[in-house]
Amino acid sequence: MKRPLASAASLVAASMLAISVAEAADQQEVTVWSWFHQPTMEKSIEAFEAAHPGIDVKFTYYNYSPEYITALKAASASGSLPDVIGLQPGSLTQQYREDLAPVNALAAKEWGDDWAEKIFPVNRKQMLMGNPAGDANAYMVPQESQVLAIWYNTKIFADLGLSVPTTYGELKAAANALTEGGYIPMFQGAADGWQNENVFLMLANQFSPGITDRAQTGEVPWTSPELVEAMTAWKALFDDGIFQKGALGAHAYPTGAQLLAQGRVGMMALGSWWMQESKFPPPLSEFVDGMAGFDFFYLPPVREGNPPSPPVGGIDIGYGLTKNGADNPAAWTFLAELTNGVGLQQALNALNDLPAVPGYQPEGDITDHTRALYDRFMADLPKAENQRFASPAVAEALDNGLAGVAAGSLDPEAALAQVQAATDKALAAN
Amino acid sequence: MSVSRAASEPAPPRSRLRAERLYLFALPAVLLFVVFIAYPILWVAGQSLYTGNRASETWAGLANYRAVLVDPTFWIVVRNMVLWGAITIPVQMLIGGLLAWFIERHTHGLRGFFRTAFFLPVVTSVSVISLVWVQIYAPYYGIAQAYLARIGITMVSSPIAEPSQAIYALILVNVWQWTGFSMLMYIAGLANLPGEVLDAARVDGASGWRLATGVVVPMLAPATRSLLLLGIIGTLQTFPIVHLMTGGGPNHASEVFGTHIFRQSFVLGDTGQGATLSVIVLLLALALSLVQIAVLGARLAPAKGGA
Amino acid sequence: MTPATRARLRSLTVHAVLFLVLALWMVPQIYMLSVGLRTPAQAFDPALFTWPVTFDNFVMVIRDNPLGRIFLNTLVVTLATVAIVVAASSLFAFAAAVLRLRGVTVLYATLLTTLMVPLASLVLPLAILLRTFGWVNTYWGLIFPYAALGVPFGIVILKAFMEDAPSELFEAARVDGCTAWQTYWHVALPLVRPALVFVAIWQFIVTWNEFFLALIVMTEAEMKTLTIVPMQYSGLYMSNPGALFAVLTLIALPLVLLYIIVQRAFVGGLLAGAVKG
């Protein structure tokens, strides 16, 4: 009698243990912050939780600036960061490097020792951007990539008898024709630093590919002739009526993107992520149904002898594992699926942007035209020039310089000298 | 708890009134101040002497202070703060005072309605106001440019995007938001004016301008003094409107202390310089408080001035 | 013209001018409501009014967002802050103005400088402090800092009122053998009641509208307060200004309604200060 009783008791004990383990498993929670489009993130999380029923993901959405950077900074100062945080490569990642756990070992275990080589080159470079000399750790895993381009409204172009401009003269003529036709020629949200940076990078990289990278690392000065020319060309975009009047006070979102979708804008510098609007719930998606009537090109040569702007881009968003999250195994599980798994697939299905690694295709209801656009972006991604900055102070100085030049309160040399000063300071600090 | 127990005790002798436990009355406020204001300030003061991040923090002495003071942006901020105070405070007083005068002296049935309606911007959240004004100022589709165009004023760009106009455009929003407060203070001040004084002045032949400058304005001095005090406080505290509308841009043109501190410590991640700026503002605030207490008296009341 | 008609004419002119100024003054608020009632295609029309109007935006943002919970959070934080501010500042004002305790004046001057500290300076240390207390994502994490920031203004107002109160009353209370607490509770507080109401309403407005600290203390979606919502949605509804402005209107509305209800008491508080002069 004793034995069965004992075994029954042990059985009970074992099952209780199992229950408590199961309960503990049930309670695995991952906290995530990011500025990622919330409805899309919710789909990614839903797919993840379906694949990993034991893990509960708590996501907090923040607007990128200033809310997200404010929340991150405060949480970092007080040691209360969530497990996983959305990151941009370069400056944002570097700012929180001390709060982040290197992911190399985990990534190698998950995807093999050659995991980094599988990432598109521009992304791989950006992933490590700004690390101190000798630090080869990755502090973020890229999730999505982007390619910057000029979107244009094919219907308006056809109505006005315009074709994709291949020279600066044609660009100017197209802008004039659009203005005369009652359209906004090229919408620039020049109140947004990021949009100004993007256009400047397009310009600078056509004068000399990769020059902005070399200037960041101090190999060439920001005041070198190519960059001064690029800055002068930037000013000309305002003076020559290529950007709309009043561009300085305008915002790319919501204004520009929405006016572009509604067919009131001829051209606008955005990027591959803009396709997601065709997946937004109605009534918004009605304007960009299946991307019909929209296509993209790269900026034509702004000076005779230049090539057109190369594709510029890189990581749209990546995710980092905080030191808090490093103690939570579920956090890495989520991060892995989000950047290279079911979570990523959901984001791609919403056309949020391009993947950071090869081997993914958006699925679901996607028109042939959209897929063709997508494939062109994907073909250009591997040869894209870097879009990102390693130091926030340098990006900030460039933003200020671009705004000052556009407003006519700074000349190009002075603006670039500011950027050089910020670069010197940043490099000295490292 | 001990305070409420005291209530049931028999009448204390006079000396008991001086008992130490009376300091318990001051305790809650002091406790809140020490924990949530004084400690953070000390932390900030400490940080201002270091550079680098938490892990690589190094003693910097007064290097941060030197760096802040030679930064041209700091002097743009000083200029903007002076402009802010010098424009906001008198303009709000003037408009608020005129509104108060006409509402109090010339309306009856609708008095409450006007008082409330002009005050509504004060109760509206800055986070709401700033988004609305960005749209109003916007080029192309903003209503400001559309309606100004009808009266012949062309507004090519958004005023908050023009380095030469940005700070004034923000001041306008601030004036719009806070004039209702000045109005209410003056309404309270006017209610204090004995009708007989005005009537007597009128009988003496004082009217219009002379009545206003000779009798009314001097009698509103306490309200004006309070508004000056609050105006200076408000100026140093200026942050949300600028932060949410321009972030201090373009190219620092509308930078104020709040946004400059925010930029240094949050956007650029330079806690040391952000802290240094905070200490400088604090010292400035301290100096201004002392001057105010000495010159104006440290009290706020729409009527009956002085300390 | 008889004096009577002249007076009427003047009254009419004044009213007309006041209404004109008010119409200008209300443009931003009207515009906010108007954009909230637009379809996406109308959203960027450069006009104050557009036709037709749609309520879809309001329906959508109310349906899609837990505004009720957010509203409740704001209400809890605000009411608790108001209670603490009124209590702490009236106690301190009593100590300073009536008890005239040694050293309290110095404390008073110190507290006064708080009024000028830019909040952006305090946010980082407060974040660390709240983390130490375990108050991130709790109501207390907002209530106590808000109260600390609000108390100095309350003290300034209440101290002035208590000093203006006839000192014979406090003297009489003392002669009658009242304890300090009894004097505070039965004499001082009733005397400055209009000022208490004023401080309470003012603190309510300020707390309800604060957004910066709320942003860093409330990091969980279900703890957020109303003022954080507009910035969240300016990104979320990045291509839908109608929805954004519908949210703005919904956020602004409660306080506007509340103010309309209490404005008489609020102005009354100010006037009471005047009448004693």
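Chain letters run A, B, ... following the sequence lines, proteins first and then strands; every chain starts at 1. What you see is a predicted model, and the numbers here were worked out from it, not measured in a lab.
Between L124(C) and S265(B), the closest heavy-atom pair is CD1-CB, 4.4 Å. In terms of heavy atoms, P118(C) sits closest to V281(B) at CG-CG1, 3.5 Å. Here the closest non-hydrogen pair linking P125(C) and V44(B) is CG-CG2, 3.8 Å. Across all non-hydrogen atoms, the minimal contact from A120(C) to G258(B) is CB-O, 3.9 Å. Nearest heavy atom pair, residue H106(B) against residue R10(C), reads CE1-CD, 3.6 Å. For the residue pair A117(B) and L22(C), the shortest heavy atom distance occurs at CB-CD1, 3.5 Å.
The contact between V128(B) and chain C is made by backbone and side chain atoms together, counting heavy-atom distances below 4.5 Å. Looking at F102(B), the atoms closer than 4.5 Å to chain C (heavy atoms on both sides) sit in the backbone and in the side chain alike. Proximity to chain C involves both the backbone and the side chain of V35(B), based on heavy atoms less than 4.5 angstrom apart. Contact annotation for T227(C): both backbone and side-chain heavy atoms come within less than 4.5 Å of a heavy atom of chain B. Using a 4.5 Å cut-off between heavy atoms, W176(B) touches chain C through backbone and side chain atoms alike. Proximity to chain C is limited to the side chain of Q145(B), based on heavy atoms less than 4.5 angstrom apart. The part of I155(C) that comes within reach of chain B is its side chain, from C-beta onward, which places non-hydrogen atoms under 4.5 angstrom from that chain. Heavy atoms of V267(C) lying under 4.5 Å from chain B belong exclusively to its side chain. For L244(B), the part lying under 4.5 angstrom from a heavy atom of chain C is the side chain only. With a 4.5 Å cut-off on non-hydrogen atoms, L286(B) touches chain C through its backbone and its side chain both.
F118(B) CZ to M26(C) CE: the interatomic distance, rounded to the nearest 0.5 Å, is 9.0 Å. The distance from atom CZ of F211(C) to atom NE2 of H243(B), rounded to the nearest 0.5 Å, is 5.0 Å. Taking OG of S121(C) as the reference point, atom CZ of F262(B) lies at 12.5 Å (rounded to 0.5 Å). Note: I260(C) CD1 to T116(B) OG1 = 6.5 Å, rounded to the nearest 0.5 Å. One finds the CZ atom of F33(B) at 8.5 Å from the CG atom of L107(C) (value rounded to the nearest 0.5 Å). Between atom CH2 of residue W25(C) and atom CD1 of residue I95(B) there is a gap of 4.5 Å, rounded to the nearest 0.5 Å.
In this structure, F119(B) has its ring center closer than 6.0 angstrom to the ring center of Y259(C). Centroid-to-centroid, the aromatic rings of F181(B) and W202(C) come within less than 6.0 Å.
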Would V126(B) and E210(C) count as a side chain to side chain contact (heavy atoms under 4.5 Å, CB included) if you check the C-alpha gap in whole Å, the side-chain angles of each, and the deciding distance to 0.1 Å? CA-CA 8 Å; V126(B) 179; E210(C) 203 286 329; over 6 Å; no

Before you tell me yes or no, could you show the steps for F92(C) and L27(B) under side chain to side chain contact (heavy atoms under 4.5 Å, CB included), namely the whole-Å CA-CA distance, both residues' side-chain angles and the distance that decides it to 0.1 Å? CA-CA 8 Å; F92(C) 188 96; L27(B) 189 66; over 6 Å; no

Residues T107(B), L18(C); criterion side chain to side chain contact (heavy atoms under 4.5 Å, CB included); working and verdict: CA-CA 10 Å; T107(B) 69; L18(C) 279 175; 3.7 Å; yes

Would Y147(B) and L48(C) count as a side chain to side chain contact (heavy atoms under 4.5 Å, CB included) if you check the C-alpha gap in whole Å, the side-chain angles of each, and the deciding distance to 0.1 Å? CA-CA 9 Å; Y147(B) 290 112; L48(C) 191 50; 3.5 Å; yes

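Paired with P28(C) under the rule side-chain contact (heavy atoms from CB on, under 4.5 Å), one option of V173(B), I136(B), I143(B) passes, and it is I136(B).
When each of A144(B), P121(B), G274(B) is checked for heavy-atom pairs under 4.5 Å with chain C, P121(B) comes out on top. Across I37(B), I261(B), L236(B), the residue that shares the most heavy-atom pairs under 4.5 angstrom with chain C is I37(B). Comparing L111(C), I228(C), V85(C), I251(C) by heavy-atom pairs within less than 4.5 Å of chain B, the highest count is held by L111(C). Listed options L258(C), V35(C), L126(C), L130(C) were ranked by heavy-atom pairs under 4.5 angstrom with chain B; first place goes to L126(C). Taking chain C as the reference chain and counting heavy-atom pairs below 4.5 Å, the highest number among I129(B), L42(B), T179(B), L31(B) is found for T179(B). Of the residues considered (Y31(C), F94(C), Y184(C)), Y31(C) shows the highest number of contacts with chain B, using heavy-atom pairs under 4.5 Å. With respect to chain B, the highest number of heavy-atom pairs below 4.5 Å among P145(C), P152(C), A252(C) belongs to P145(C). With chain C as partner, the option from A138(B), G234(B), A26(B), A38(B) having the largest number of non-hydrogen pairs under 4.5 angstrom is A26(B). When each of A146(B), A29(B), P28(B) is scored by its heavy-atom pairs under 4.5 Å with chain C, the top score falls to A29(B).
No side-chain heavy atom of R21(B) sits less than 4.5 Å from a side-chain heavy atom of W181(C). Taking the side chain as every heavy atom from C-beta outward, F114(B) and H15(C) approach each other to under 4.5 Å.
When atom types are taken as modelled, the side chain of Q237(B) and the backbone of V117(C) share a donor-acceptor pair closer than 3.5 angstrom. Remark: side-chain polar atoms of Y39(B) are not paired, donor with acceptor, to backbone N or O of L129(C) under 3.5 angstrom. Remark: the backbone N or O of A95(C) is not paired with any side-chain donor or acceptor of Y23(B) at under 3.5 angstrom. Looking only at distances, a side-chain donor or acceptor of N209(C) sits under 3.5 Å from a matching main-chain atom of V123(B).
For S125(B), the side chain to side chain donor-acceptor pair (under 3.5 Å) partners are S127(B), not counting sequence neighbours.
The aromatic rings of F239(B) and F212(C) sit tilted relative to each other, their planes meeting at an angle between 30° and 60°.
Around the CZ atom of R111(B), the shell of radius 6.0 Å holds more than 12 heavy atoms that belong to other residues, nucleotides or ligands.
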